[in-house]
Amino acid sequence: GRTIRYPDPDISMNDTVKIDLKTGKVLDFIRFDVNNLCMLTGGNSLGRIGVVESREKHVGSFEIIHVRDAAGHRFSTRTSNVFIIGTAGANSKVPLSWVCMPRRKVRQLEQGVKLSVLEEAQLKAKNADK
């Protein structure tokens, strides 16, 4: 985290900001909105990547974010566990990411998808056979 001296008035809490490290100036930002690409940074879904589907505001309690990943699984978590990494693209099925994801040797669609115990065992067995 950094303190930005004169931030853009359009930037609000939980937005993702791209800054120039040399000058400290804000280059661009992504709003914390529905249909943006996100990565989860905490909770049981740590490391998963998906698209924000909706926000539930609970007065006097935590705000809940509902996320859908590339495999179509839906899950929810607290706002503090969500980090926006991309915007909704022109085609709503293909969001534009600001972050390069590491490529796995499986299909690219499965990046950020949490595998079940059975799927993980099958993947390990397949890789051991090679």
Side-chain angles (χ1 to χ4, degrees):
R2 293 176 184 257
T3 302
I4 300 170
R5 293 185 64 140
Y6 301 104
D8 188 334
D10 294 335
I11 299 173
S12 60
M13 198 164 83
N14 296 325
D15 290 350
T16 299
V17 179
K18 184 191 287 188
I19 61 169
D20 182 6
L21 293 176
K22 289 182 181 176
T23 62
K25 303 284 185 192
V26 175
L27 300 175
D28 201 3
F29 69 96
I30 303 174
R31 299 203 57 89
F32 193 93
D33 280 335
V34 175
N35 294 328
N36 283 342
L37 188 67
C38 69
M39 176 179 262
L40 301 179
T41 59
N44 288 335
S45 300
L46 176 70
R48 292 177 82 174
I49 297 170
V51 176
V52 176
E53 284 197 324
S54 64
R55 293 171 79 168
E56 282 182 22
K57 295 186 180 185
H58 298 278
V59 179
S61 185
F62 296 102
E63 188 173 332
I64 304 297
I65 305 297
H66 294 274
V67 181
R68 178 184 32 85
D69 66 9
H73 300 128
R74 289 181 166 81
F75 49 94
S76 57
T77 188
R78 293 179 179 176
T79 304
S80 60
N81 296 334
V82 178
F83 182 71
I84 301 296
I85 61 171
T87 59
N91 180 358
S92 62
K93 294 187 178 192
V94 183
L96 303 172
S97 178
W98 278 9
V99 179
C100 295
M101 307 316 162
R103 292 186 183 233
R104 292 167 64 184
K105 292 186 180 180
V106 293
R107 293 186 317 233
Q108 187 174 359
L109 267 179
E110 293 181 356
Q111 293 179 358
V113 175
K114 188 174 185 177
L115 301 175
S116 69
V117 175
L118 182 62
E119 291 168 333
E120 221 172 277
Q122 289 172 347
L123 185 63
K124 286 181 183 178
K126 184 179 174 182
N127 289 339
D129 291 341
K130 289 184 179 181

#### Entry: Check: Lys124 main-chain N/O paired with Asn127 side-chain donor or acceptor under 3.5 Å
no
### Query
When rounded to the nearest 0.5 angstrom, what is the spacing between CD1 in Ile49 and CZ in Phe83?
12.0 Å
### Message
When you compare the side chain of Val51 with that of Val67, does any pair of heavy atoms fall below 4.5 Å?
### Response
no
### Query
Do Thr77 and Ile64 touch side chain to side chain, with heavy atoms closer than 4.5 Å?
no
### Task
State, yes or no, whether a side-chain contact exists between Leu40 and Leu46 at a heavy-atom distance under 4.5 Å.
no
### Task
Just do the side chain to side chain contact (heavy atoms under 4.5 Å, CB included) check on Lys18 and Phe29 with the steps written out, would you?
CA-CA 6 Å; Lys18 184 191 287 188; Phe29 69 96; over 6 Å; no
#### Entry: Residues that Asp28 engages under salt bridge (Lys or Arg N to Asp or Glu O under 4.0 Å), provided they are two or more places apart
none
### Query
Which heavy atom of Val17 sits nearest a heavy atom of Val26, and at what distance?
CG1-CG1, 3.7 Å
### Query
Rounded to the nearest 0.5 Å, how far does CG of Asp33 lie from SG of Cys38?
12.0 Å
### Query
Less than 4.5 Å apart, any side-chain heavy atom of Trp98 and any of Leu37?
no
### Query
So, Asp8 side chain and Ile11 main chain: donor-acceptor pair closer than 3.5 Å or not?
no
### Task
Please answer whether the main-chain N or O of Arg31 pairs with a side-chain N or O of Asn36 as donor and acceptor at a distance below 3.5 Å.
yes
#### Entry: Contact list for residues 53-64, test salt bridge (Lys or Arg N to Asp or Glu O under 4.0 Å), sequence neighbours left out
Glu53-Arg68, Glu53-Arg74, Arg55-Glu63
### Message
Atom CG of residue position Asp20 - does it have more than 12 heavy atoms of other residues, nucleotides or ligands inside 6.0 Å?
### Response
yes
### Task
Tell me, with the steps shown, if Phe32 and Thr16 meet side chain to side chain contact (heavy atoms under 4.5 Å, CB included).
CA-CA 7 Å; Phe32 193 93; Thr16 299; over 6 Å; no
### Nearest non-hydrogen partners of Gly47 and Met39, listed with the distance
O-CE, 4.4 Å
### Query
Under 4.5 Å between any side-chain heavy atoms of Ile84 and Asn14, yes or no?
no
### Message
Within the supplied structure, the quantity of interest is the number of heavy atoms (other residues, nucleotides, ligands) at a distance under 6.0 Å from Arg78 CZ; does it exceed 12?
### Response
no
